[in-house]
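For the single chain, residues carry numbers from 1 onward in sequence order. Worth knowing before you read on, the calculation uses all heavy atoms, side chains too, and leaves out hydrogens, waters and symmetry mates. These numbers were taken from a predicted model, which means no experiment stands behind them.
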Amino acid sequence: MKYRAEIDGLRALAVFPVILFHAGYGMFSGGFVGVDIFLVISGYLITTIILREIEEGRFSIAKFYERRARRILPALYFIIILSIPVAWLTLPPDLLENFGQSVAATVLFSNNILLYVTSSYWGAASELKPLLHTWSLAIEEQYYILFPLFLISTWRFGKTTVVQLLFLFFFVSLALSHWGAYNKPTATFFLLHTRLWEIVLGVFCAFYLIKKHDHDSKPLEEVLSLFGLFLIIFSIFAFNETTPSPSFYTLAPTVGTALVILFANKGTFTNKFLRQRLLVGVGLISYSSYLWHQTLFAFYRTESIWLDQDKTDLPALITLSFLMGYLSWRFVERPFRTKEKFSRKTIFSLSISTAILLAGIGVSIHFGEGFYNRAKDFTSLEIDTQRDLDQECIPLNISNDFKACKYGNKNSSPPKLALIGDSHAKAIVPVLASLSEEDGSSFLLIYNGGCPPLIGVNVELELGDRDMEGCLKLAQAQLDYIKKEQIKNVLLAARWSLYTSGDYTWRKKSHFLTSHMSKEISKQNT
């Protein structure tokens, strides 16, 4: 396949925004579209290689997988291997357990599925996951497994049939992604079936260009390639986490990428821009730099909890991402692409054995539940909850089920704050008591175990546990009392996840929320 330097420039245009987005720079709020750009490029490049080899009668599945293994696995395995001891020394147990899961899932080409099951890409905890970004590699790897098999099985029916099927896949996948972005956003973001259309867009570029030989600079090519570049840049700065992704909105960066691939021919401004030495150089190391950046950021953010670092170190981390990307490209990626140094047999045996080893380590970390008994002290900050605190309680209802208890200075009237919630609200009492003692104020605690401070909903508890509408009545009593006493500041505290998950396993239908509008007891209804 003829080398196109502008494609490496396009890779640079994808990796820069992704790294700056993950670094937290708000200006690059749509930097996540860099992944969409990569998917289109991947679809184009891989399909071009496969089509040429099929037409020349020399395509081989084994050869194809060998190329993919040489291209992807060495740098990926290298970074995972280096990350394991760092994770062991720095991550608290819950994050280490998740890291172990990610290691196993990554080498099994399924980290996107793991992330779909366990988390949200936009969640704060995601910033602390060193292998979060490998979900996009899983998408590509799943495509690499399936697409050659699709072409081999359908090619005998003719190229027209293949293209028609691809159009069907494209429109179905695009429609599913737009619907899913609003109805099943996590699955839509992470899974292959709603990302497939982006890759297929690149596939269309390959089918078109493999038969197109006229690459003269024409006014139409100039306009279309510039428009494609504009769509990419617009998406990087205009999109944000509220933009449904992937969806019809994602057509902007992906169609923009396709236009650049198709029309940024020699002589166009876009071609000259993307062929600049700096952009081409960054594009060459973009894969390794992409692998390094999130891993470095995640470990940095974890350590910032302990070392009180701040965001001023991020430029250094970004620079380090590209430096490590260069070193990985120079000393890991390139050597493994050389057949004289590493034969096909060696590549396959190393890939499989390393994958088994890393998956085994990941599974061990998972079943070890993050290994609490490690050298670093991961003990949480301790608060003295044992001392007796003076309180004065008054009933809120006739049956004396609900009480409002006053802490702090009893002569302070009215209380400055009301703390209401379930039993987890009590965990905050010692801190508030200390603060009240300092300024001579007081606060109220109104709580009941298993009852979140929510108006108009009831908590389904085990039959006979208590009045089935007890939480509904308590919430209303809390609100009435706070209004009556004119308390201006209210703190709501609860184990919120309990009421969305119902995860007291011995009560399989317990702690879900219902209302007068819907009595269904289920996680979805909650």
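- With hydrogens and angles ignored, the 3.5 Å screen pairs a side-chain donor or acceptor of S343 with a backbone N or O of T346.
- In this structure, the side chains of L224 and L262 stay at 4.5 Å or more apart for every pair of heavy atoms.
- Checked by atom type and distance alone, the side chain of Q142 never pairs as donor or acceptor with a backbone atom of I139 at under 3.5 Å.
- Two residues are said to be in side-chain contact when any heavy atoms from C-beta on lie closer than 4.5 Å; I113 and F190 fail this criterion.
- Counting heavy atoms from C-beta outward, F342 and T338 have side chains that stay 4.5 Å or more apart.
- Looking only at distances, a side-chain donor or acceptor of T243 sits under 3.5 Å from a matching main-chain atom of N240.
- Taking CH2 of W329 as the reference point, atom CD1 of I285 lies at 8.0 Å (rounded to 0.5 Å).
- Two rings, from H133 and H293, have their centers less than 6.0 Å apart.
- Taking both residues in full, the closest heavy atoms of T270 and L226 are given as OG1-N, 3.5 Å, listed atom of the first, atom of the second, then distance.
- Looking at every heavy atom in both residues, N112 comes nearest to A138 through OD1-CB, 3.3 Å.
- More than 12 heavy atoms of other shown residues, nucleotides or ligands fall within 6.0 angstrom of atom CZ in F170.
- Among all heavy-atom pairs drawn from T354 and L350, the shortest one is OG1-O, 2.6 Å.
- Shortest non-hydrogen contact noted between H193 and L176 is CD2-CD1, 4.1 Å.
- Nearest heavy atoms, R344 versus A62: NH1-CB, 3.8 Å.
- For T194 (side chain) and T188 (main-chain N/O), a donor-acceptor pair under 3.5 Å exists by modelled atom type.
- For an aromatic pair to be called close, the ring centres must be under 6.0 Å apart, and W135 with Y116 fails this.
- If you check the side chains of S83 and T295, you find no donor sitting under 3.5 Å from an acceptor.
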From CA spacing to verdict: side chain to side chain contact (heavy atoms under 4.5 Å, CB included), E140, I46
CA-CA 10 Å; E140 293 196 37; I46 298 305; over 6 Å; no

Show, in sequence, the C-alpha distance, side-chain angles and deciding distance for L317 and F297, and conclude whether the side chain to side chain contact (heavy atoms under 4.5 Å, CB included) test is met. CA-CA 7 Å; L317 284 173; F297 290 172; 3.7 Å; yes

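- Both the sub-6.0 Å distance and the 45° axial angle are satisfied by R71 relative to the ring of Y287.
- Side-chain contact check for F273 versus L279: some heavy-atom pair is nearer than 4.5 Å.
- A centroid separation of 6.0 Å or more is found between the aromatic rings of Y144 and F109.
- With S153 contributing its side chain and L149 its backbone, the two residues share a donor-acceptor pair below 3.5 Å.
- Within the model, atoms CG of L165 and CZ of F150 stand 5.0 Å from one another, a figure rounded to the nearest 0.5 Å.
- For the pair I7 and Y44, the minimum side-chain heavy-atom distance is below 4.5 Å.
- Across L166 and V203, no two heavy atoms sit closer than the pair CD1-CG1, 3.7 Å.
- For the residue pair S136 and Y290, a side-chain donor N or O sits within less than 3.5 Å of a side-chain acceptor on the partner.
- Rounding to the nearest 0.5 Å places CG of N271 at 11.5 Å from CG of L229.
- A donor-acceptor contact under 3.5 angstrom links the side chains of S288 and E333, judged on distance only.
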Output, in order, the C-alpha distance, side-chain angles, deciding distance and verdict of side chain to side chain contact (heavy atoms under 4.5 Å, CB included) for F38 and V15. CA-CA 8 Å; F38 277 126; V15 78; 3.9 Å; yes

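- F16 and F322 have their aromatic ring centers within a separation under 6.0 angstrom.
- The distance from the CG atom of L91 to the CG atom of N98 is 9.5 Å, given to the nearest 0.5 Å.
- Side chain of H22 to backbone of Q294: no donor-acceptor contact under 3.5 angstrom is found.
- Between E66 and the options K63, R70, R68, a salt bridge (Lys or Arg N to Asp or Glu O under 4.0 Å) holds for only R70.
- For the pair Y300/L314, a side-chain contact is recorded, criterion being any heavy-atom separation below 4.5 Å from C-beta on.
- Annotation: F348, atom CZ; neighbour count of heavy atoms from other residues, nucleotides and ligands within 6.0 Å is above 12.
- T250 and D36 form no side-chain donor-acceptor contact under 3.5 Å, judged by distance and modelled atom types alone.
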For this session: Mind running side chain to side chain contact (heavy atoms under 4.5 Å, CB included) on K159 and E55 for me, showing each step along the way?
Result: CA-CA 11 Å; K159 190 180 295 186; E55 291 186 345; 2.9 Å; yes

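- For Y182, the OH atom sits in a packed shell: over 12 heavy atoms of surrounding residues, nucleotides or ligands are nearer than 6.0 Å.
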Task: From CA spacing to verdict: salt bridge (charged side-chain N to carboxylate O under 4.0 Å, His left out), E221, K218 - done: CA-CA 5 Å; E221 290 178 336; K218 299 176 182 178; 5.6 Å; no

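- Distance alone, capped at 3.5 Å, is enough to place a donor-acceptor pair between the S29 side chain and the F239 backbone.
- Residue F59 places its CZ atom among more than 12 non-hydrogen atoms of other residues, nucleotides or ligands, all under 6.0 Å distant.
- A 4.5 Å side-chain heavy-atom check between W197 and L39 finds every atom pair outside the cut-off.
- Counting heavy atoms from C-beta on, the side chains of E141 and L76 come closer than 4.5 Å.
- Between the CZ atom in F269 and the OG atom in S225 there is a gap of 9.5 Å [rounded to 0.5 Å].
- The backbone N or O of S286 sits nowhere less than 3.5 Å from a side-chain atom of S289 that would complete a donor-acceptor pair.
- No more than 12 heavy atoms of other residues, nucleotides or ligands sit less than 6.0 Å from atom CZ of F227.
- A 6.0 Å sphere centred on CZ of R58 holds more than 12 heavy atoms belonging to other residues, nucleotides or ligands.
- The CG atom of L20 lies 5.0 Å from the CD1 atom of I318; values are rounded to the nearest 0.5 Å.
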